[in-house]
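Convention: sequence-line order gives letters A, B, ...; per-chain numbering from 1.
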Amino acid sequence: MDKSIKIVFFGTPAFVVPILEALEENFQVVGIVTGPDQKIGRKQILTPSAVATNARRPLAAQGVTLHKPERLDNEAALELKKLNADLFIVAAYGKIIPQNVLDIPKFGVINIHYSLLPKYRGASPIQAAILNGDKTSGTSIMQMDIKLDHGPVLATKEISLSNTDTFESLNTKMTQETIPLLVDIIPQFIAGKVDLKPQNEEEATFTKIINKEDGYFDIGNPPTPEKLDRMIRAYYPWPNAWTKWNGKIVKFFPGELVQMEGKNPAKLADFLRGYPDFPIKNLN
RNA sequence: CGCGGGGUAGAGCAGUGGCAGCUCGCGAGGCUCAUAAUCUCGAGGUCGUUGGUUCGAAUCCAACCCCCGCAA
């Protein structure tokens, strides 16, 4: 609880909004940087990011500026510099932060990352933990440098996974656990009371960004039930475990739900009553 | 005008001009020590809406409403 600490928050998707709100509550958020508006949905309507939409209003009255630069170029950096922030906090922003931006805040740039670094650096740490069947993972708060998820770690917290955790549920858990950790560590960090632990480079592993094809499997040669279950949970709600059957996309959701292109999701048992030829008969 | 799938019984689906069907569920009963087992019987539908074509439309045509997948 220290309103003298001036923070700029970088984040884009809905699940980081609670983090932003916690920061606004405890510190002085002077700027919000989020991804540019995107065309979204069947109607292709230009829509601001979840962070832009949910940021507490009225921003202007609170002296908070909202930025959605296409690129973090010199022009954007100049604007950010004007905010005179102590600290930048980055959570799923979606763009690489260049050095000239990293150099702006007095106390550097802090990133939250949902794995126990140096394990699972990169874009899909949560999915990786689920796909690998890990029993535990965790959240890390680190100081960013120019290399990906490479900087020294301020704090970590271990989190256990259940065998029903999905990307979504685990992500929520991670956020819940991260918020108090973050709120607690920021003033200590500013006060210079936090040990910065360099990461052990030899233990580093990397995860790549998930794309649509990662969720695909061949219906003629499906993964083992265990593997499929992990895929369903790791890739929910996007891109989902999916296959092609009779020329149509069939998706699998947690809870033994199956959805064929154009149809609503149905329990696998119900689905099989309508499509008795479907090759996958159960999901256990 | 981004591309595409779909709306038929409570659920999942078949039916593409000639009496509205299948599987499951539901109700009653039989057989069972018993049963998510099994047998018999049964209820449950203005086939998304409106109009058109036709002797006759779930089915063909037109418009509209709603749900969904892709793409981003």
Next item on the list: Step through it carefully: locate the ring centre of A:Phe10, locate the ring centre of A:Phe88, and say whether they are under 6.0 Å apart.
Entry: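 Centroid separation for A:Phe10 and A:Phe88: below 6.0 Å.
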Checklist line | Upstream residue (5' side of RNA chain B) when A:Gln259 and A:Arg273 are each assigned their closest nucleotide | finding: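 On the 5' side of the pair lies A:Arg273.
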Check: So which one's nearest nucleotide on RNA chain B is more toward 5', A:Leu272 or A:Lys248?
Finding: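 The 5'-side residue here is A:Lys248.
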If the [atom1] atom of [N] is compared with that of [M], how far apart are they to the nearest Å?
N	M	atom1	answer
B:U16	B:G2	C1'	29 Å
B:G44	B:A28	P	16 Å
B:G29	B:G15	P	38 Å
B:U23	B:G18	C1'	26 Å
B:C60	B:G27	P	37 Å
B:C61	B:G7	P	15 Å
B:C67	B:G48	C1'	10 Å
B:C65	B:C13	C1'	23 Å

Check: Would a distance-only check, ignoring hydrogens and angles, find a side-chain to backbone donor-acceptor pair under 3.5 Å from A:Asp145 to A:Lys147?
Finding: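 Yes, A:Asp145 side chain to A:Lys147 backbone: donor-acceptor pair under 3.5 Å.
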Checklist line | Residue A:Lys212, side-chain atoms from C-beta onward, closest of B:A71, B:G6, B:A11 | finding: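 Shortest atom-to-atom distance from the side chain points to B:A71.
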Check: Which one, B:A14, B:C67, B:G4, comes nearest to the side chain of A:Tyr275?
Finding: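 Within the option list, the nearest is B:A14.
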Next item on the list: Would you tell me if any nitrogen or oxygen in the side chain of A:Lys251 comes within less than 4.0 Å of OP1 or OP2 on B:C68?
Entry: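 False: A:Lys251 side-chain N/O out of range (4.0 Å or more) of B:C68 OP1/OP2.
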Margin query: The criterion is ring-ring contact (aromatic ring centres under 6.0 Å, His included); which residues satisfy it with A:Phe271, sequence neighbours excluded?
Written below: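 A:Phe271: ring-ring contact (aromatic ring centres under 6.0 Å, His included) contacts with A:Tyr275, A:Phe278.
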Next item on the list: For A:Phe252, check ring-ring contact (aromatic ring centres under 6.0 Å, His included) against everything at least two apart and list the hits.
Entry: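 Expected list: A:Phe217.
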Watson-Crick/G-U partner (both atom distances under 3.5 Å) of [N]:
N	answer
B:U46	none
B:A28	B:U40
B:U59	none
B:G4	B:C68
B:G21	B:C13

Item checked: Any A:Leu66 side-chain heavy atom under 4.5 Å of A:Thr34 side chain ->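 Counting from C-beta outward, A:Leu66 and A:Thr34 do come under 4.5 Å.
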Item checked: Between P of B:A71 and CG of A:Asn211, the distance in whole Å ->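 Rounded to whole Å, this separation is 11 Å.
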Next item on the list: Take the protein atom CG of A:Leu257 and the nucleotide atom P of B:A11, then report the distance between them rounded to whole Å.
Entry: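 Taking atom P of B:A11 as the reference, CG of A:Leu257 is at 16 Å.
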